[in-house]
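The structure under discussion appears below in the form of structure tokens.
Basis for what follows: all heavy atoms, side chains included, without hydrogens, waters or symmetry-related copies. Quick caveat, the model's predicted, so the values are computed rather than measured. All chains are named by letter (A, B, ...) in the order of the sequence lines, taking the proteins before the strands, and each is independently numbered beginning at 1.
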There are 2 protein chains.
Amino acid sequence: MNTIKKKLTIDDIARLANVSRSTVSRVLNNNPNVNEAKRKRIMDIIDEQHFVPNSMARNLGTGSTRTIAIFVGEITNQYFSEIIRGAEEVAISQGYFPLICLIQNPGREQFYIEEMIQQRASGAIIVSSSIKNAASIRQLAMSMSLVSIQSELCGIAPLYYLDTENQLGIYNITKHLIQLGHRNLAYLSTLPNTTVLEERYAGFCKACSDFHLSFAEDHVLHGYHKEDISVSVENLILSENRPTALCCCNDFSAGIAYQKIRQLGLRIPEDISLTGFDDLPIATIMNPMLTTVKQPIREMGRRAMKLLIESLDNAENPVSGTVLRFPSEVILRESTAPPAAI
Amino acid sequence: MNTIKKKLTIDDIARLANVSRSTVSRVLNNNPNVNEAKRKRIMDIIDEQHFVPNSMARNLGTGSTRTIAIFVGEITNQYFSEIIRGAEEVAISQGYFPLICLIQNPGREQFYIEEMIQQRASGAIIVSSSIKNAASIRQLAMSMSLVSIQSELCGIAPLYYLDTENQLGIYNITKHLIQLGHRNLAYLSTLPNTTVLEERYAGFCKACSDFHLSFAEDHVLHGYHKEDISVSVENLILSENRPTALCCCNDFSAGIAYQKIRQLGLRIPEDISLTGFDDLPIATIMNPMLTTVKQPIREMGRRAMKLLIESLDNAENPVSGTVLRFPSEVILRESTAPPAAI
DNA sequence: TTGTACGCGTTATCAC
DNA sequence: GTGATAACGCGTACAA
């Protein structure tokens, strides 16, 4: 019961069925050139013996792994797990196998990149706040097709780059705050300062500028780890010139700000309005529920995988660098309100 | 730049270095029996040509993949992603490669099980609210070593079964509610009704019994999908005999109850106290923050991987069925309070 | 220290 | 239809 069975090979099955290994192979691969009775007999023996072909040997023979690497950052962050969900679902439906690579630090990044090259993955989807190792990613690009979701690849152009209307999304939600009457705004970003984040910040700046608002320099916050962000927010909240609204670059950092604001005894939105970006499930767990910009995260995961596999299956080499923009949409909820009367 | 390089083989390197492929193989595997000058020369050529050995061929030869399957349910649920984090970290540090299998439905379950057998994974960690396909899991058990985290395997005994003090945890948190003065309790469980959930429910029952409390039969809720749970909670809240406290079998369902309670305009904990189990990150995002039972989720992921790899590396066949219990601990936060005076 | 020859389990290419 | 036989890319006894 508990003993691990010795592995059978295709030759064992051939012997039991009194045929050559070629015939068994044909049955295994649904090749029509096999006598029906023989096929049935062989299939029965395969089932009976619980024979399972060795995919390594198979891949070695065919020269293809039908394997897709999915590089993601922190998996406990729902942004990444949503993308995985979307990408995985498409991969499987197309007969590809997803290899999930957790690159929460530069060491892992390099490890998984090398590993995927060794394993001869057919392609890779990369979604990470930042890729650190230029040499590694360059080698990855030489080994397989790449698709990026909101990620910079150290200057390497992927086959496709998927992103959303970052600037417009933040512009609109900032406008919403301004139209509620807020005049003293602050902006919370994370590090490193990628293109995606720059676009969002630009949206904030443009909205302020369009409505003739200025903001203090120390009202623009940055942080990488939860702790840094937390401290920045605390300093902001306790400062003389406390803003009446805080616009965050994503829901993750908005969640951290939310906790800190609560901890300091302030009310959202009465004392300060708060906004995010992503529309993760936690946005509706928060109380008040978070006003945020929704982007089709899972759909981007699906599309990334779909485009990658299409290019793989068509064996054509499309020109790298196609950019796809997905729409973003402001979702009004409870965390924003007019500022308290002064 | 965008062209995928044709793959080099160990023979190409051997030719370029004027040595046999065995020597290159030795260099690749850090075999000391190689002339230093020659080693250096070969390494240079390897770097220069960006040669990367093919791990499929390597595994085929050695007969070992050093690969561990991690079967998990819904990856967007932080319970599962925390376990993955812990397990992944240990796997990599021990030179094993984690293959993450998302078994959100019976079809995927069977697919991934067959796939892992084909890929000749060295072992598997299973963490799922339920395994459906008995035949598949049985075959998996015949193909590799299994470790289970809070999961039933259709009667198959894994090498190790890791779990927490389910009954004691719920007993203690129920006791907490009773000692706050609650006399009208309800319990929210999910489906399917696994051993883990039975133990938790038993803890609830025992606490009630020890304190001479009875509860109405319709105060015990069940649900599988978010929608079912939501409806059950709504019915409970709107019923004549509304409880003053709701004890949930995990944080996930507590989160759903929390949203529904808010939506119905009730206050937590003033109108109803709420408790969970797991202590996921969302427990502190909720407002009020959730009183819950903490279990060492990530640590269980680490231990599961550690035990599995130890048994694999030692090549001994330990007796299956060892059970490890981890402690659980009540974390008092804001979602529980004495019931409102009648 | 180095090279030769074979095996790993499968697919593909031939003949028959 | 079917069956030998040669790849696929590497590790590894074994011999030198």
Could you run down the sub-3.5 Å N/O contacts of the protein with nucleotides 7-11 of chain C?
residue, atom, partner, partner atom, Å
C/dT10, OP1, A/Asn54, N, 3.0
C/dT10, OP2, A/Ile10, N, 2.4
C/dT11, OP1, A/Asn29, OD1, 3.3
C/dT11, OP1, A/Asn29, ND2, 3.0
C/dT11, OP1, A/Arg58, NE, 2.8
C/dT11, OP1, A/Arg58, NH2, 3.1
C/dT11, OP2, A/Ser25, OG, 2.6
C/dT11, O4, A/Arg21, NE, 3.4

- Query: How bent is the helix from C/dT1-D/dA16 to C/dC16-D/dG1, comparing axes over its five end pairs at each side, to the nearest 10°?
  - Reply: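 The helix from C/dT1-D/dA16 to C/dC16-D/dG1 shows an end-to-end axis angle of 40°.
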- Message: Strictly distance-based, threshold 3.5 Å: is any side-chain N or O of A/Ser55 a donor or acceptor partner for the main-chain N or O of A/Arg58?
- Response: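 No, the answer is negative, given that no donor and acceptor are paired below the 3.5 Å cut-off.
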- Min side-chain heavy-atom separation B/Ile149-B/Asp163 under 4.5 Å: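 No, every pair of side-chain atoms sits at 4.5 Å or beyond.
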- Item | A/Leu312 and A/Ile68, any side-chain heavy atoms less than 4.5 Å apart |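 Yes, side chains in contact.
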- Message: So, applying side chain to side chain contact (heavy atoms under 4.5 Å, CB included) with B/Ile42, which one of B/Asn18, B/Leu28, B/Asp47, B/Val19 is it?
- Response: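 Among B/Asn18, B/Leu28, B/Asp47, B/Val19, the one that satisfies the side chain to side chain contact (heavy atoms under 4.5 Å, CB included) with B/Ile42 is B/Val19.
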- Task: Describe the nucleic acid contact of B/Asn35 in one word from base, sugar-phosphate, nothing, applying a heavy-atom distance below 4.0 Å.
- Result: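 Sugar-phosphate only.
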- Message: According to side-chain contact (heavy atoms from CB on, under 4.5 Å), who are the partners of A/Ser22, at least two apart in sequence or on a separate chain?
- Response: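 By the side-chain contact (heavy atoms from CB on, under 4.5 Å) rule, A/Ser22 matches A/Ser20, A/Arg26.
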- Range on DNA chain D touched by chain B, heavy atoms, distance below 4.0 Å: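 Range of nucleotides within reach of chain B: D/dG9 to D/dT12.
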- Tell me, please, which residues at least two apart from B/Gln150 pass side chain to side chain donor-acceptor pair (under 3.5 Å).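 Listed in chain order: B/Tyr79, B/Thr164.
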- Task: Output every pair passing salt bridge (Lys or Arg N to Asp or Glu O under 4.0 Å) with a member in residues 88-106 of chain A, not counting sequence neighbours, ordered by first then second residue.
- Result: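 Every pair satisfying salt bridge (Lys or Arg N to Asp or Glu O under 4.0 Å) with a residue in residues 88-106 of chain A: A/Glu88-B/Arg108, A/Glu89-A/Arg302.
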- Just by distance, with hydrogens left out, do A/Asn133 and A/Gln110 show a side-chain donor and acceptor under 3.5 Å apart?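 A pair is found: one side chain offers a donor N or O, the other an acceptor, under 3.5 Å apart.
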- Between B/Gln118 and B/Glu114, a side-chain donor and acceptor under 3.5 Å: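 Side chains of B/Gln118 and B/Glu114: no pair found under 3.5 Å.
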- Item | Salt-bridge contact B/Glu82-B/Arg85 (side-chain N to carboxylate O under 4.0 Å) |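 B/Arg85 and B/Glu82: not salt-bridged.
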